[in-house]
Amino acid sequence: MSIARWSETLISTLRDDPQDAEIPSHKLMVRAGLIRKLSGGLYTFMPLGCKALRRVEAIVRQEMDRAGALEILMPALQPREIWEQSGRYDIMGDVMFKLQDRQKRELALGPTHEEVVTLLAAAELKSYRQLPRTLYQIQTKFRDEIRPRFGLMRAKEFIMKDAYSFDRSWDAADESYRKMYEAYLRAFARCGLRVKVVEADTGAMGGQWSHEFMVLADSGEDGIVECDACAYAANLERAERAFPELEPYPDSDKAPEQVSTPNAKTIGQVAAFLKCPPERLIKTLIYNVDGRTVAILAPGDRDVNEHKLARALEARDLALADDETIAAATGGPVGFSGPIGLTIPVYADTALKGLRGAVTGANRVDTHVLNVDLDRDAAIEAWHDICFAENDDRCPRCAAGKLREKRGIEVGHVFKLGTKYTEAFSARFLDEDGQSEAMIMGCYGIGVTRTLQSVIEQSHDEKGIVWPMSIAPYPVAILNLTPGKPDCVEATQTLARELDEAGLDVLIDDRDERPGVKFADADLLGFPIRVVVSERSLAGGNVEIKLRTEKATPVIEKDNAALKIRQIYQDSIKALIL
RNA sequence: CGGGGCGUAGCGCAGCCUGGCAGCGCGUCAGCUUUGGGAGCUGAAAGUCGUGGGUUCGAAUCCCACCGCCCCGACCA
């Protein structure tokens, strides 16, 4: 492939952690000289970082091609109108970078490409004979993130592989989805990443269902739960839970009774004042949902999950009501709301079904109600699972399991979109009977730059990066410890040439530096195979081959080194293929 | 947008409280010595102390405003 000399490239390593980095992968990417910050959420890829990035892209591209997807490249600049046409201009409005051209035409830098690709499909795919088709691109996306952070993890500008499938039927769409899902598993495995697939919320993308590919990491921005007994796993935004039978409280048949609870507004204060456990309290939250006011009931010890709530109520817009709205809707001040006697619709979390002897607000200042039986005392419009799942909750899919909470980095997301966009853009085809039908669509994203950083987050030690063989900027680094000695130079060159001819990228550390510096840099940069050429080993006709993942430093006859290294390389690459 | 922290040489930091010559370590450059896990000595280059205003004989230091970066939250494919 190619031979690079340290003295001729641009590799600047830092001894100290950068002041503005928090998580290991971000610190290491900067220390190893892979990236440099231009401004918040904007980074330059340095030569080594660029090489690693291209390797991730190459793997993703190969797996897309293998799955039959077709590469295209769409514009990053998009006219405003297409976002209005899909109805997402308002939803995505704040995350889009907007600008005008000199004709005052309004444009946006694409945060994603459903609109553009669906327009394309509408124009080009006209017959069932042309289906199915999956189109993809690897391109820079722009999002005005509220808070960019962790280096490439959440940046304003990042590289994404996005694919879009178009099918003639729902069954065929499921098949396209399955192909992408499997391509994703292969791609991440080849990158040396261990991923967990979870059921996910579709959010602003819409559609029927979706799966996220998560890299488990403490620094992950997403909460997920997984069952300790079965395969169930889900993003917390979506995660369900099972509802065990409730133990009745003593005297739970008593009639409701108002009690004075001066200044006790929060669950904690009321529970302490009445000396009862928080789970016996019912939280009553007043929400504005698409312009109407509703009451939401949740167990006192649980938080309402607005993603699940929005889905349950099929709501577009949802927010906690302000104090005036609460007073008008309940007749009482904030902190003392309860379901009894309300005229607005009341929705309750399923966990409350059958609860008797509960405590609620009385819709009156400093007053709560004891002995509440929701079925008897309140008018519940509907019961839904609308609270966050928590650690130790019972699994919703199997009888035996409990849910465990983890943190994850979302590196991929696949959506079954259905006809949301194809209807909006009239992306229709003629079937065998000459009938016009909307295409069924799916979309599939991989955060390429985020994937790269995730690899480091998942694979490093106290000395530096530990690259998987497949995406290391250079799989092999040859450290020439005495670049002044002709025989060391000669042996280094020969080995490098042999490896180059065998198809490996090689970096020669030819700097006039002390050995310790070279070792430390090689560890920091994480080359999977480190070869040392020195007078000492050369005296016996040998070189040293050390793997970044191993402690030992075996020597090998220098004439056999290239073959051995090639073998290690190939075995290692093979081990990453599913 | 709310809360907190930071901004001084390429990088990491001290100095600020209590105003008085702009400092340290690493890196960079030159020379000598050294050479298997971030070497030693000597010398050198390099700073609008984030920006603007104010107080003062005098401001990195005190006051006001703004900007940038980081963290927590809200928010978010």
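In what follows, every heavy atom counts, from backbone to side chain, and hydrogens, waters and symmetry copies are set aside. So you know, we letter chains A, B, ... as the sequences are listed, proteins then strands, and number each from 1.
- If you take CE of A:M214 and C1' of B:A77, they are 11 Å apart, rounded to a whole angstrom.
- Here the P atom of nucleotide B:C70 and the CD atom of A:E22 are 11 Å apart, to the nearest Å.
- One atom, CZ of A:R511, and another, C1' of B:G27, lie 13 Å apart when rounded to the nearest Å.
- In this structure, A:R149 reaches the sugar-phosphate backbone alone: every heavy-atom distance under 4.0 Å involves primed, P, OP1 or OP2 atoms, never a base.
- What separates CG of A:D512 from C1' of B:C32 is a distance of 14 Å, to the nearest Å.
- With both ends at atom P, the span from B:G25 to B:A14 equals 15 Å, rounded to whole Å.
- A donor-acceptor pair shorter than 3.5 Å can be found between the side chains of A:Q453 and A:S25.
- Shown here is A:D20, whose CG atom has more than 12 heavy atoms of other residues, nucleotides or ligands within 6.0 Å.
- Residue A:E306 places its side chain closer to B:C75 than to any other of B:U35, B:C75, B:G38.
- Out of B:C71, B:G37, B:C75, the shortest distance to the side chain of A:I146 is found at B:C75.
- A salt bridge links A:E63 to A:R186: one of the charged nitrogens lies within less than 4.0 Å of a carboxylate oxygen.
- Under the Watson-Crick or G-U wobble criterion, with both distances below 3.5 Å, B:G73 is paired with B:C1.
- A side-chain donor from one of A:Y184 and A:K161 sits under 3.5 Å from a side-chain acceptor of the other.
- No more than 12 heavy atoms of other residues, nucleotides or ligands shown are found within 6.0 angstrom of NZ on A:K265.
- Judged by the 6.0 Å distance and 45° axis criteria, A:R143 is not positioned over the aromatic ring of A:F158.
- In this structure, of B:U35, B:C69, B:G73, it is B:C69 that holds the atom nearest to the side chain of A:K37.
- A side-chain hydrogen bond (donor to acceptor under 3.5 Å, both in side chains) with A:Y421 is found for exactly one of A:R88, A:E114, A:Q85, namely A:R88.
- Comparing the C1' positions of B:A77 and B:C72 gives an interatomic distance of 23 Å, to the nearest angstrom.
- B:G23: Watson-Crick or G-U partner is B:C13, with both key distances under 3.5 Å.
- Side-chain atoms of A:R147 stay outside donor-acceptor range of the base of B:G2, with no qualifying N/O pair under 3.5 Å.
- Across all strands, A:R530 comes closer than 4.0 Å to base atoms (heavy-atom distances).
- Nucleotide B:C70 holds its C1' atom 13 Å from the CD1 atom of A:I23, rounded to whole Å.
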Counting primed atoms, P, OP1 and OP2 as sugar-phosphate and everything else as base, the B/S/- map of nucleotides 5-13 of chain B against protein heavy atoms under 4.0 Å is -S-----SS
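- Pair check for B:A59 finds none; no Watson-Crick or G-U wobble contact set falls under 3.5 Å.
- Under the side-chain hydrogen bond (donor to acceptor under 3.5 Å, both in side chains) rule, A:K141 has a single partner from A:T449, A:T112, A:D162, which is A:D162.
- Residue contacts for A:F150: at a heavy-atom cut-off of 4.0 Å it reaches the sugar-phosphate backbone alone, with no base atom in range.
- Here B:C6 sits opposite B:G68 as a Watson-Crick or G-U wobble pair (both hydrogen-bonding atom distances under 3.5 Å).
- The side chain of A:S39 places an N or O atom within less than 4.0 Å of a non-bridging phosphate oxygen (OP1 or OP2) of B:C69.
- For the P atoms, the distance from B:U61 to B:G43 is 33 Å, rounded to whole Å.
- Annotation: of the two residues near RNA chain B, A:H413 and A:D521, the 5′-most nearest-nucleotide partner is A:D521.
- Along RNA chain B, the nucleotide closest to A:M160 and the one closest to A:E544 are compared, and the more 5′ of them pairs with A:E544.
- Side-chain proximity of A:A520 to B:G37, B:C72, B:A77: nearest is B:G37.
- When distances run from any side-chain atom of A:V517 to the nucleotides B:C72, B:A39, B:U35, the shortest one goes to B:A39.
- Rounded to whole angstrom, the span from the CZ atom of A:R31 across to the P atom of B:C26 amounts to 16 Å.
- The NZ-P distance, from A:K161 to B:A77, rounds to 19 Å in whole Å.
- Taking only side-chain atoms of A:F415, from C-beta outward, the nucleotide of B:U34, B:A77, B:A74 with the closest atom is B:A77.
- With hydrogens and angles left out, the side-chain atoms of A:E199 and A:W209 include no donor and acceptor closer than 3.5 Å.
- Across all strands, A:T553 comes closer than 4.0 Å to no nucleic acid atom at all (heavy-atom distances).
- Remark: B:C41 base-pairs with B:G31. Criterion, Watson-Crick or G-U wobble with two distances under 3.5 Å.
- B:G38 and B:C26 have their C1' atoms separated by 10 Å, given to the nearest Å.
- Within 6.0 Å of the CD atom in A:E8, the count of heavy atoms belonging to other residues, nucleotides or ligands exceeds 12.
- Nucleotide B:U48 has no partner under the Watson-Crick or G-U criteria, as no pair reaches both atom distances under 3.5 Å.
- When the P atom is used for both B:C70 and B:C32, the distance is 45 Å, rounded to whole Å.
- With both ends at atom C1', the span from B:G68 to B:C17 equals 25 Å, rounded to whole Å.
- Look at the P atom in both B:C11 and B:G19: the space between them is 31 Å, to the nearest Å.
- Counting non-hydrogen atoms under 4.0 angstrom, A:R36 reaches nothing in the nucleic acid.
- Comparing B:C49 with B:A22, their P atoms sit 11 Å apart, to the nearest whole Å.
- Between A:Y164 atom OH and B:A77 atom C1' the separation is 10 Å, expressed in whole Å.
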